Amino acid sequence: MDIRSWKQAASRLTKKRIVIIVLALALVGALFFATKAVVKILQFSDSHKTQITSEFVSNQISEISELATLHHHYRKVANYQEAKKLLVYMPDWRINKSIKEFALIYQGDVKMGYDLKNVKIEVDSTTRTIFIHLPEPKILSHSIDFESIQVLWEKNGWFNNIKFEDFKQFFIAEQKKYEKENYAELKRLASERAKKIIRLNLGSNIKLVESPESEKKSFVDRWIRPEDGYRIKMQ
């Protein structure tokens, strides 16, 4: 091969090297700018990410007090009886009593709820757990549907007739009795409703982890490998 051929071959090799170097530099530059863009996006996302704090959770919950209210409707059969002495100075015999009584069916409505402004919130960022301590529920209202009343039977006594005041005192006593006898069940129902509403509300603003598998993980495992979401513990 003569000198001219060598020069042509060397020229072609040099051009190939230049092309390869240019392409490599272009690829490196493209990767650099792509990486830089991804980093900026991630930084922007982190800087604008909502911070899950006790105050944030409390603000979310305080807005749903009315939704967490339990509306309980019931129907009941009840009896009333009052005995009055005919002669005050006579012994308390059956013949000396005038008894008035009645039996009826009525319907009532109880509203029970929480003052969610008094709820206590704790957020553990290490285990990504939100602890919610609900206050004691209260009976907000208790009303009788007077249009639903059906009198089954009634009986007036001698000089001891049934009066409107008897019905009034009867229903006052019935309301107190019903609340006392059913408070535990009403509390359970109110608690279930409040917890469901709170979970639904927080779930629309916070990513929650509610899988059964997450509950089985140990504290150390959750601390080492935290899940991408928060768990809720309510009581």
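For clarity, every value in this text was computed on a predicted model and none was experimentally measured.
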Quick one: sort the Tyr80 and Phe102 rings into parallel, tilted or perpendicular, breaks at 30° and 60°.
parallel
By side-chain contact (heavy atoms from CB on, under 4.5 Å), Lys163 pairs with (sequence neighbours left out) Asp166
Among all residues two or more places apart in sequence or in another chain, which pass the side-chain contact (heavy atoms from CB on, under 4.5 Å) test with Lys196?
Leu200
Tell me, do [X] and [Y] make a side-chain contact under 4.5 Å, heavy atoms counted?
X      : Y      : result
Tyr114 : Thr69  : no
His72  : Asp109 : no
Phe56  : Val123 : no
Ile232 : Ile206 : no
Leu134 : Ile198 : yes

Between Lys76 and Glu174, does the salt bridge (charged side-chain N to carboxylate O under 4.0 Å, His left out) criterion hold? Intermediate values first, please.
CA-CA 10 Å; Lys76 187 179 179 183; Glu174 277 290 299; 3.0 Å; yes
If you take all heavy atoms of [X] and [Y], which pair is closest and at what distance?
X      : Y      : result
Ala78  : Phe170 : CB-CZ, 3.5 Å
Ser54  : Ile121 : OG-O, 3.4 Å
Arg128 : Gly229 : NE-O, 3.1 Å

Side chain to side chain contact (heavy atoms under 4.5 Å, CB included) evaluation trace for Asn161 with Lys100
CA-CA 7 Å; Asn161 294 329; Lys100 59 182 175 182; over 6 Å; no
Closer than 3.5 angstrom, by distance alone: can the side chain of Asn201 be matched with the main-chain N or O of Ile197 as a donor-acceptor pair?
no
Interatomic distance, [X] atom [atom1] to [Y] atom [atom2] [nearest 0.5 angstrom]:
X      : Y      : atom1 : atom2 : result
Asp124 : Ile130 : CG    : CD1   : 10.5 Å
Leu186 : Lys111 : CG    : NZ    : 14.5 Å
His71  : Met112 : NE2   : CE    : 13.0 Å

Hydrophobic cluster partners of Val77 (side-chain heavy atoms under 4.5 Å):
Ile105, Leu152, Trp153
Co-members of the apolar cluster containing Phe164 [side chain, <4.5 Å]:
none
Apply side chain to side chain contact (heavy atoms under 4.5 Å, CB included) to residues Leu70 and Leu189 and explain how you reach the verdict.
CA-CA 7 Å; Leu70 170 71; Leu189 294 174; 3.7 Å; yes
Between Phe131 and Lys120, is the side chain to side chain contact (heavy atoms under 4.5 Å, CB included) condition met? List the steps.
CA-CA 8 Å; Phe131 296 94; Lys120 294 181 180 178; over 6 Å; no
Does the gap between the ring centers of His142 and Tyr74 come in under 6.0 Å?
yes
Any pair counted as salt bridge (charged side-chain N to carboxylate O under 4.0 Å, His left out), so long as it reaches residues 179-190, sequence neighbours left out
Glu136-Lys187, Glu185-Arg188, Arg188-Glu192
List, one per line, each side-chain donor-acceptor pair under 3.5 Å for residues 143-151, sequence neighbours excluded.
| residue | atom | partner | partner atom | Å |
| --- | --- | --- | --- | --- |
| Asp145 | OD1 | Glu147 | N | 3.2 |
| Ser148 | OG | Gln107 | N | 3.0 |
| Ser148 | OG | Asp145 | O | 2.5 |

Quick check: is Phe167 connected to Ile172 through a chain of hydrophobic side chains (ILVMFWY, heavy atoms under 4.5 Å apart)?
no
Leu140, Val119: one ILVMFWY side-chain cluster at the under-4.5 Å cut-off?
no
